[in-house]
Structure formats: structure tokens, C-alpha cells
Protein chains: 2
Amino acid sequence: MLMARRKVSNPLALAVLGLLQEQSMHPYEMASTLRERHKDGSFKVNSGSLYDTVEALVRHGWIEPVETARDGRRPERTVYAPTELGQAEFVRWVDELVRTPIAEYPKFLAAVSYLGALGPDGAADALTERAGHLVQRIEQTQAVLDETVGSGAVPRLFMIEVECALHAWQAELDWTRRTVAEIGDGRLAWPRVERTEQGWTWSAADDGNGSER
Amino acid sequence: MLMARRKVSNPLALAVLGLLQEQSMHPYEMASTLRERHKDGSFKVNSGSLYDTVEALVRHGWIEPVETARDGRRPERTVYAPTELGQAEFVRWVDELVRTPIAEYPKFLAAVSYLGALGPDGAADALTERAGHLVQRIEQTQAVLDETVGSGAVPRLFMIEVECALHAWQAELDWTRRTVAEIGDGRLAWPRVERTEQGWTWSAADDGNGSER
DNA sequence: CGAGATATAGTCGGTTCCGACTATTAGGGA
DNA sequence: TCCCTAATAGTCGGAACCGACTATATCTCG
């Protein structure tokens, strides 16, 4: 069996489906609407991927073209609307994504796995710079939230994912700062690694005890 | 200009480079070593991607084959070692990844963007189930940490990324529980959306005031 | 009023990524 | 000793993804 193995998995497809719940649109309009509503922090909106995604949704019968209009002599725009299947699957998909956490692999985690390679000073320096960037990002995002939800222009529920992201970044910032502090006062020890015939040996920087792996 | 546009970007390449800092290996051994050391929570270790990644690293001159051994009549294994360039770039890459946060798009964020589609009860239910899964994941991961670092078998620095992940999951769990609570007591209102000729109108569930977007 | 900038709308080709599959060998209980 | 399973080692085809590019239309500012 080689066709339609699993559903469309790109989250951008979820965004498309979500927008089409409200109103029929052509792809370019989807992209600009997502940007207007600041949903481009939750979905990677790339024009190439967008058109691919729309085609995939058509193939799966979740959406369908309803109109092919042209304005003046601009290129033709194909307008899409969800099918009944698409409307049902949208809700099921959101439910599944919320209900079941899946493994993800943020690049920061990958980098932190090899934090040792930077040495204590290098690591503290890099983490400190990251903390600064995170502060900026958090402030900017908070400002957007204040302008929209804070002023009553948009109901809070419609931007709840921004609060979620903000919470996650704040947690990352806390961890980053805490780790800088722990490097500074030696609570996070930097073992010295040596190669021996037995394998690897490390000695703790503070007490000189060695262990083997 | 169409070749070698940017560096290898798959984090798995970082893992490969990291392992080869210690010791020459063949790809299969990389995969099993990563699993042994519980690094497979930070890197998506997929055999297909692994072989592609190793080839890409060779193309860029970051690693090179050093030996082609065969054991008994098993298929030949090609053993790789980093070049000097690869050793230098490894550190630079870790530094860059730690220093500069980049935009990422976790699927949970995508789903939360459309939390409204589940309705207050559906959303609370789904979030509650997620919280349960997160608790399990956190407990299991904590247990692994206790067995390894807790028992002194491995220095803390070598599993620091596990602490980082744990911190992030805990934050997600906190947000999830808080949101369930806010749905429950009405602090997170569910506006009723209606379509009008003007566009969209929503009325707050609690006070009946409408606003326009 | 002309020129450059920006907005509109989308195409295209190449790389990356992944899951499913293949094939051989070692281990271990009936 | 024989079969079944697990471990070893990797291949392959297709889907997803992305960035760079094209082309027209409108805006704007000296």
C-alpha cells in the first residue's frame, strides 16, 4: 500500500484549514492573513510550502477549488474552500495535536548537549548572549499582545498561542540564567576528560575524583 | 552560485561531529551510541537521515572515511573521523546555536492557535489529557536522570540537556494546567463568532459586548 | 510624470528527510 | 541442532520543504 499513507502532516495545512473555516481564500491571501493576525509566529509561512500544502490538501479531498478569478490582468487566483471532510478533520486534528504531546527536537537542545565543548567561560558567555536575545523577543511579543488583546481589539482566545509561546520563552530564559549562575559559582562542574586504554575517564574539576563510564 | 550554499543544517550532523570528537566510528555505531547515552531525546536519530548526513559532512570536508573494515562476512562498515576543519566548525556551530535563538514552530503552538475550535469543554478535556502525558514523560525522564547522574555514573554536564528539556516540559505542563483552570472558571472567555456583511463580529460569552476586527 | 519601491500572486528546481524495506549474523531456548 | 528472534548495517524511492526567481500592478515622492 503506497498511497495516502498518513494524513497531511505539515502544520501549515492546519493553518490553511483553519482560515478556510471562516472564508474561502486564495493562497496568497492565506499568507497575508496569517501575517496580519500574527499567526506567523506559530506557523512557518513560506510561499513554496504553502502552494505544495494546498495541493496536498486538494489531493486528500480536504479542500477544493471553488473559483478561478482574475483581477485586471493579474495572474489568476484560485480560491479554495474546505470540504465537509476537511471541516471534520480540522477539529479532529486540533484535538489530537493538543491531546497528545509528540517528541520534538529544538535546536537549542542539540546545542546544549555539547555545551561542554565551549568550556565554562565560553558556555557562560554564549548563554548570556542568548538570554539577551530572549529578553528582546519576549518584550517585542508582549508589546504586540498589549496592542491587540490588551486594547480589546481582539479577544484573548484568538491570541492564546502567543501567551503559550511567551510562557515557553520565559522558561527558557529562566533556565539559561540559572545555568549561567551555576557555571559561575561552580555548581555545574566541568570535568576534564582523558582517553585511556580502558575507555574514557573524567576527573571532577573540584574534587579530583575520577569515575569510569 | 549553486554549490555549498550554506553549512550542513541538520542537527544530527552536530551529533555526528560530537561523537567523532571522541572516537572514529561507523554510522551504525553512532546511532547506537546516541541511544545508549540517551541523546536520542535531543536528536532525531533516523537511519536514513544519518547516512545522508554523513555523506553531506564528507562533501563539506568536515569528516572523512578512515577505514573500511569488515567483521566476518558482515557488510562493510566505513569508519569516519573528523577533519581539522570539522573539529573547528563543531565548536563554532555549538557556540552559534547556543548564542542565537532562532524561530521554531512546535506543533503544540499550531494546535493551540486553533484551540477555539474545540469549544471550552473539548479544549479543557484535551488539555487535561495532555497534562497527564506530560507528567508521565517528566517522571520517566527524571528516573533516567536519577539512575545516571544521580548515582554518579555520569557527570552532570554530560546530561545537562536532559535537565533543560525537563525544565521546558515542566513549563508546558504548568501552562497547560493553568489554562485548564482558566477555562473552568471563565477567566478565558469563549467568544461567539458570527458572520455579518461587515466582516466578523464576536460577542463575549460573559458580557455580551461585541467588537469588530 | 517618471523611476524606484512595494505589493500582488505564484512557479520551479533542487536538497533534505524519512519510513519501509533488505540482508546477514549471532544468540538462545525447545 | 534447528528455528525464531534480535541485533547489525545499510539502501532506496518518494514526499516535504525551502529559497530564489518571475512578472505585473500600484504607490509615492521628488
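Letters go in sequence order (proteins before strands), and every chain restarts at 1. What's counted below: heavy atoms across the whole structure, side chains too, no hydrogens, waters or symmetry copies. Since this is a predicted model, take the numbers as computed values, not measurements.
If you find the closest nucleotide of DNA chain C to B:Asn10 and to A:His26, the one lying nearer the 5' end belongs to A:His26. Comparing B:Ser49 and A:Pro11 by the nucleotide of DNA chain D that holds the closest heavy atom to each, the one mapping nearer the 5' end is B:Ser49. When the nearest nucleotides of DNA chain D are assigned to B:Asp52 and B:Glu29 by heavy-atom distance, the more 5′-ward of the two goes with B:Glu29.
Counting to the nearest Å, the P atom of C:dT16 and the CD atom of B:Glu55 are 11 Å from each other. Rounded to whole angstrom, the span from the CE atom of A:Met25 across to the P atom of C:dA9 amounts to 13 Å. In this structure, the CG atom of B:Leu34 is 16 Å from the C1' atom of D:dA9, given to the nearest Å. Here the C1' atom of nucleotide C:dC17 and the CG atom of B:Leu57 are 15 Å apart, to the nearest Å. Rounded to a whole Å, the CZ atom of A:Arg77 is 12 Å from the C1' atom of C:dG10. When rounded to the nearest whole Å, the span between CG of A:Asn46 and P of D:dC21 equals 15 Å. Atoms CG (A:Leu50) and P (C:dC12) sit 16 Å apart, rounded to a whole Å. Taking atom CZ on B:Phe43 and atom P on C:dC17, their separation rounds to 14 Å, with Å as the unit.
Using a 4.5 Å heavy-atom threshold, the side chains of B:Lys44 and B:Leu12 count as separate. Under the 4.5 Å side-chain criterion, counting only non-hydrogen atoms from C-beta, A:His26 is not in contact with A:Thr78. Contact of the B:Thr148 side chain with the B:Arg37 side chain is not registered, since no non-hydrogen atoms from C-beta on lie closer than 4.5 Å.
Considering only side-chain N and O atoms, B:Arg35 lies nowhere under 4.0 angstrom from the phosphate OP1 or OP2 of D:dT8. For C:dG10, neither phosphate oxygen OP1 nor OP2 lies less than 4.0 angstrom from any side-chain nitrogen or oxygen of A:Ser47. A close approach under 4.0 Å does not occur between any side-chain nitrogen or oxygen of A:Tyr28 and OP1 or OP2 of C:dG10. For B:Tyr51 and D:dG10, the shortest distance from a side-chain N or O to OP1 or OP2 is below 4.0 Å. The side chain of B:Lys44 contributes an N or O atom lying less than 4.0 Å from OP1 or OP2 of C:dG19.
The side chain of B:Arg59 lies closest to C:dT16 when the candidates are D:dC18, C:dT16, C:dC18.
Judged by distance alone, the side chain of A:Trp62 and the main-chain N or O of A:Leu85 form no donor-acceptor pair under 3.5 Å.
In this structure, A:Arg99 does not pair ionically with A:Glu96, as no charged nitrogen and carboxylate oxygen lie closer than 4.0 Å.
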